[in-house]
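A short worksheet on the structure shown next.
Worth knowing before you read on, the calculation uses all heavy atoms, side chains too, and leaves out hydrogens, waters and symmetry mates. So you know, we letter chains A, B, ... as the sequences are listed, proteins then strands, and number each from 1.
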Amino acid sequence: MPKHILVAVAWPYANGPRHIGHVAGFGVPSDIFARYHRLKGNYVLMVSGTDEHGTPITIAADNEGLTPRQVVDRYNQVIGDDLYNLGLSYDTFTRTTTLNHYQVTQDVFRTLYEKGYIIRQETMGAFSATTGRTLPDRYIEGTCPICGYHEARGDQCDNCGHQLDPADLLNPRSKIDGQPPVFRETEHFFLDLPAFAERLRQWINKQEHWRPNVRSFSLNFIKELKPRPITRDLDWGVPIPLPEYEQRDDKRIYVWFDAVIGYLSASIEWANNRGTPEAWRDWWQNRQAQHFYFMGKDNIVFHTVIWPSQLMGVFSDGQYAGSAIGAFAEIPLQLPYNVVSSEFLTMEGKKFSSSRGVVIYVNDFLSRYDPDPLRYFLTIAGPENQDTDFTWSEFVRRNNDELVATWGNLVNRTLTNVYKNFAAVPTPGPLQPNDEALLAEVEGGFASCGELLEAARFKAALTETMRLAAQVNTYLSDQEPWKVLKQDRERGATIWYVALRCVANLRILLTPFLPFSCQQLHEYLGYEGYLAGPLNFQAYTEAHGMSHRVLTGDYESWVGTWAIADLPVGQALREPKPLFKKLDERVVAEELARMEEGRK
RNA sequence: GUCGGGGUAGCUCAGUGGUAGAGCAAACGGCUCAUAAUCGUUAGGUCGCGGGUUCAAAUCCCGCCUCCGACACCA
C-alpha cells in the first residue's frame, strides 16, 4: 500500500548564493530520501523554495543599490539553478513572494488571530535613525554595561556571554550605518505559544523515533515558552491581513512566521499548477500521510515548536483547511512525523564565512566538478550526526579512492569486458553456489539499504551499498573471467553475466545518491527511458499578472523501481565510457590558492 | 551564566552493556580484464582523565580537562 510522504525541505535564504554547507544540511539528504521513496512507489511530495523576506534582504539591497525585489529575483534564479544542477528532485521549488504564498500566509494569520492565538502587545523597539526600519538586536552594537566590552551585540555580549537588551547598551549604534538607534513604543502581534505548551509537550513526548537530540532539545525548549512576536516594523514582507494594517507599509509579518507556512503554500501551489487544486489534501489532511522535515540544527525549534503550534492552531479551520469536503472534511492539518536535522559542515577546519572568503559556492563548485562526486562526498562524509569538515584533499581522495576506484572501476571493467566480448547481455550457463551467493548478497541491498534510508541513516546506507560494490570486485578477482573466457566460453559468459546483473542492481541501489551517473549507466546497459528524472523548470503566471519560475520534474515517467532488476539476456549494450573522472592531486593546491585569493 | 553535543587506530569517521570497527594512509603478497584501477594478508587504539554502578562499560552515573554549538525579534 503506497504511502503519502511529504518531504519538506528548509527554504534557502535569498540574500546570496548558497555554499556547499547549505546543500549538505538540507538539500542532498532530503533528495536521497525523496528519490528512494519514489522508487519504492510511494506518493512523494517534495516542496521548498527561496525564503525572500526579512531584514537581511533589505540590507543586501541597500548594499548593492537595488530594491529587495531585485535582490530576491537574482538569488532565486541563482539558487534554483544550483538545486537543478545538483539534481535535487523537488516537486515544487517556488518562492515566498508569490501571490499564492501571501494568500496562504494571510489565511493562517487571520485564522489564528480569530481563534485568539495571536495577541497584540506594545513593545519597545529599536529603529534605524536613517531608514526608520526595525533594527534587529544583532544589528546593534555598543559597550557592554556589565564588562565594558566595546563591541557587544544588542542581544548578547561576546566577551562576557551575558544576554543583553539593546536598550541597556552604553553608546548604542547601528552596525549598518553607525548611527545611534531610536527607541520607541510600537504595537506588535504575538503568537501565543504558551497556549500550545501542554499539547506540544504531549506530542513531542510521543515522538520516540526522532533523533534524540532533536527531541530532548525541543522538550527542553518548551519548558519556558513566552508569546513570540510575529510581526516586524519593516516594509518588506507579507502584509498583516487586518483592516487597519492592510494599507500600511511599515509593518509586516515576520519572515520566520511566513517561511514555514511555505511548506503548506508550496503544496497548494503544486496542486494548482498541475490542475488538481484539491490534491494537496492527500498529504495535509490525511492522517496516514507522513511528513519529514529536513534542515540544519539551527532551525530545529522552528520545526518542532513554532510551526507545529501554527498547525495546531489552524487545525481544520480557515479558508484552505476549512474548505475541505468529503473524506478530507474537518481533518486537521498534519504535524511533522519526523524532523531530520543535520549538523554543520566546516570548510578546511573553519566555519563557512562569505565575508572572510572561507567558502565554496555551489555554482562555483559545479563549474569545475560534477554533481555526483559532490553528492557522494556530502553523503559519505557529511554532517549527519556531528559537525564534519570539508577539505579539498579529502574530496579528491574520496573521489579517486572510493567513488572512482571501487564503484566507477567496477562498472567500467564489467561494461568494457562485456561490450568487447559479447556486445550484449551474455547468455549464462548454470549458476554455481558462489554466483548465487553474490547475487543474493547484492540483491539483499534492497532490504538492508532500504531500511537504513527509511531511518534517514544516509551515511550508513551508502557505506552498505559501497560494500556490496566491493564484494563484486572481490568476486571478479576470484573468478578471473578474462582468463576463464579463453578456455571455457560458457563459464566465462556466466561470470560476466553475474557481474553485470550485480551492476544492474547497484544502478538502482545507488540512484538516490548518484542520479546522474546511474542514468548514464542505465543507458550503457541498454535500458531505455529515465531511471529517475528528469527535472525541469516551469513558469507560472498568477492572477496579478506576475510570473515566477518553479523547479519541478516529471517523476511519474520514471522507469526505475526499488526492486531486483530485470536484465534480459541479449539486451544490446551501448558503448561504455568511464562514469567518473579521476581528479589530479594538483586541484587541491589550486583550490586552496583560489580560496586564499578570495580572502583578499 | 544556563542548556546541549563532541573528544575511539597516523587521518576522516561508525559503533548507546557482552571478546574494540570501516575507509584511507603504512608493510607484504596476488592479479594485470579495468580510469597504474582491483583483490588478499599484516600491522596499528590502556575508546580525553579520574572515580563509581555491573558478572560485564567506548556504551550507564559522578567529577575534572578540552573543543564546539544553542540560548528565541539573524535566517
Side-chain angles (χ1 to χ4, degrees), chain A residues 10-15 51 53-57 59 123 125-126 134-139 146 153-156 160-163 166 188 190 193 212-213 216-217 220-221 223-226 228-234 254-257 259 295-302 305-306 343-344 346 351 380-382 384-391 393-394 397-398 400-402 404-406 408-418 420-421 457 459-460 463-464 466-467 470-485 492 495-496 499 576-583:
Chain A
W11 291 52
Y13 198 61
N15 67 337
D51 180 9
H53 296 127
T55 304
I57 299 281
I59 292 171
T123 60
T134 294
L135 213 42
D137 291 357
R138 59 184 289 119
Y139 286 104
I146 295 162
R153 291 196 325 226
D155 54 346
Q156 183 176 7
C160 67
H162 283 91
Q163 282 183 60
H188 277 296
F190 288 68
L193 289 175
N213 64 322
S216 56
F217 180 70
N220 196 45
F221 187 87
K223 283 179 188 160
E224 291 176 43
L225 286 176
K226 293 185 294 195
R228 186 183 178 103
I230 54 165
T231 49
R232 294 287 184 278
D233 292 292
L234 201 68
Y254 172 45
V255 57
W256 252 110
F257 186 84
M295 76 220 63
K297 61 180 166 184
D298 52 337
N299 284 350
I300 291 173
V301 295
F302 291 99
V305 176
I306 297 169
E343 305 295 304
F344 289 150
T346 53
K351 281 168 81 166
I380 202 82
E384 185 173 309
N385 303 308
Q386 63 174 322
D387 291 358
T388 58
D389 195 27
F390 176 90
T391 63
S393 71
E394 189 65 3
R397 188 193 72 68
R398 293 270 189 190
N400 289 356
D401 297 345
E402 297 181 15
V404 173
T406 302
N409 185 49
L410 169 64
V411 171
N412 195 236
R413 70 198 302 206
T414 306
L415 291 187
T416 53
N417 274 285
V418 173
K420 188 169 61 186
N421 291 300
R457 297 188 56 194
K459 189 179 289 206
T463 300
E464 165 68 3
M466 290 298 284
R467 185 185 70 77
Q471 288 294 303
V472 185
N473 276 324
T474 303
Y475 169 84
L476 286 176
S477 279
D478 291 344
Q479 299 296 315
E480 300 184 306
W482 47 90
K483 277 187 187 167
V484 173
L485 201 59
I495 298 165
W496 281 124
K577 292 196 179 65
L579 289 180
F580 307 104
K581 293 190 208 62
K582 201 169 168 181
L583 296 172

>> With rounding to the closest Å, how many angstrom separate the C1' atoms on B:A20 and B:C13?
In response: 15 Å
> Considering the options A:W11, A:W256, A:F221, which one meets the ring-ring contact (aromatic ring centres under 6.0 Å, His included) requirement together with A:F302?
Replying inline: A:W256
>> Roughly how many Å apart are B:G48 and B:G6, using the P atom of each and rounding to a whole number?
In response: 12 Å
>> Counting only side-chain nitrogens and oxygens, does A:K483 get under 4.0 Å of the OP1 or OP2 atom of B:U32?
In response: yes
> Any side-chain N or O of A:Y475 under 4.0 Å from OP1/OP2 of B:U38?
Replying inline: no
> Mind checking the C1' distance from B:A27 to B:U35? Whole angstroms is fine.
Replying inline: 26 Å
> Once you round it to whole Å, what is the distance between P of B:A34 and CH2 of A:W496?
Replying inline: 9 Å
> When rounded to the nearest Å, what value does the distance between C1' atoms of B:A43 and B:G7 take?
Replying inline: 25 Å
> What is the nucleic acid contact for A:T388, judged by heavy atoms within less than 4.0 Å: base, sugar-phosphate only, or nothing?
Replying inline: sugar-phosphate
> In whole Å, what is the span from the CG atom of A:D298 to the C1' atom of B:A72?
Replying inline: 13 Å
>> Distance check needed: B:A72 P versus A:E224 CD, whole Å only.
In response: 12 Å
> Charged N to carboxylate O under 4.0 angstrom, A:D387 versus A:K351?
Replying inline: no
>> Roughly how many Å apart are B:C62 and B:C55, using the C1' atom of each and rounding to a whole number?
In response: 23 Å
> Counting side-chain heavy atoms from C-beta on, which of B:G15, B:A75, B:A72 comes nearest to A:K226?
Replying inline: B:A72
> Roughly how far apart, to the nearest Å, are B:G63 and B:U53 at atom C1'?
Replying inline: 15 Å
> Which part of the nucleic acid, if any, lies within contact of A:K577, taking any heavy atom under 4.0 Å across all strands shown: a base, the sugar-phosphate backbone alone, or nothing?
Replying inline: nothing
> Can you check the A:F221 CZ to B:C3 C1' distance for me, whole Å?
Replying inline: 12 Å
> Would one find more than 12 heavy atoms of other residues, nucleotides or ligands at under 6.0 Å from atom CZ of A:R467?
Replying inline: yes
> Any Lys/Arg nitrogen of A:K459 or A:E384 sitting under 4.0 Å from an Asp/Glu carboxylate oxygen of the other?
Replying inline: no
>> Rounded to whole Å, please give me the gap between CG in A:D478 and P in B:U32.
In response: 13 Å
>> When you compare the side chain of A:L410 with that of A:L476, does any pair of heavy atoms fall below 4.5 Å?
In response: yes
> Just checking A:V301: base, sugar-phosphate only, or nothing, at a heavy-atom cut-off of under 4.0 Å?
Replying inline: nothing
> For the pair made of CZ in A:R398 and P in B:G23, what is the distance, rounded to whole Å?
Replying inline: 11 Å
> What nucleic acid atoms does A:K581 come within less than 4.0 Å of, heavy atoms only: base, sugar-phosphate, or nothing?
Replying inline: nothing
> Which whole number of Å gives the distance between the C1' atom of B:G17 and that of B:G52?
Replying inline: 16 Å
> Under the side chain to side chain donor-acceptor pair (under 3.5 Å) criterion, do A:H188 and A:T123 qualify, and how do the steps go?
Replying inline: CA-CA 7 Å; A:H188 277 296; A:T123 60; 4.7 Å; no
> What interatomic distance, in whole Å, is found between C1' of B:U41 and the corresponding atom of B:G5?
Replying inline: 39 Å
>> Once you measure the plane-to-plane angle for A:W482 and A:W496, does it fall in the parallel (<30°), tilted (30-60°) or perpendicular (>60°) bin?
In response: tilted
> Rounded to whole angstroms, how far apart are CG on A:N417 and C1' on B:U32?
Replying inline: 12 Å
> A:E402 or A:F344: which one's nearest nucleotide on RNA chain B is closer to the 5' end?
Replying inline: A:E402
>> Base, sugar-phosphate or nothing for A:A405? Non-hydrogen atoms, less than 4.0 Å.
In response: sugar-phosphate
>> Looking at B:G40, I'd like to know if its phosphate oxygens (OP1 or OP2) sit under 4.0 Å from a side-chain N or O belonging to A:T474.
In response: yes
>> Tell me the interatomic distance from A:L476, atom CG, to B:G40, atom C1', rounded to whole angstroms.
In response: 15 Å
> What dot-bracket string describes RNA chain B from 5' to 3', counting Watson-Crick and G-U wobble pairs whose defining distances are under 3.5 Å, with [ ] for crossing pairs and | for pairs to another strand?
Replying inline: ((((((((.[[[[.)..(..]]]].((((.........)))).....[[[[[..)....]]]]])))))))....
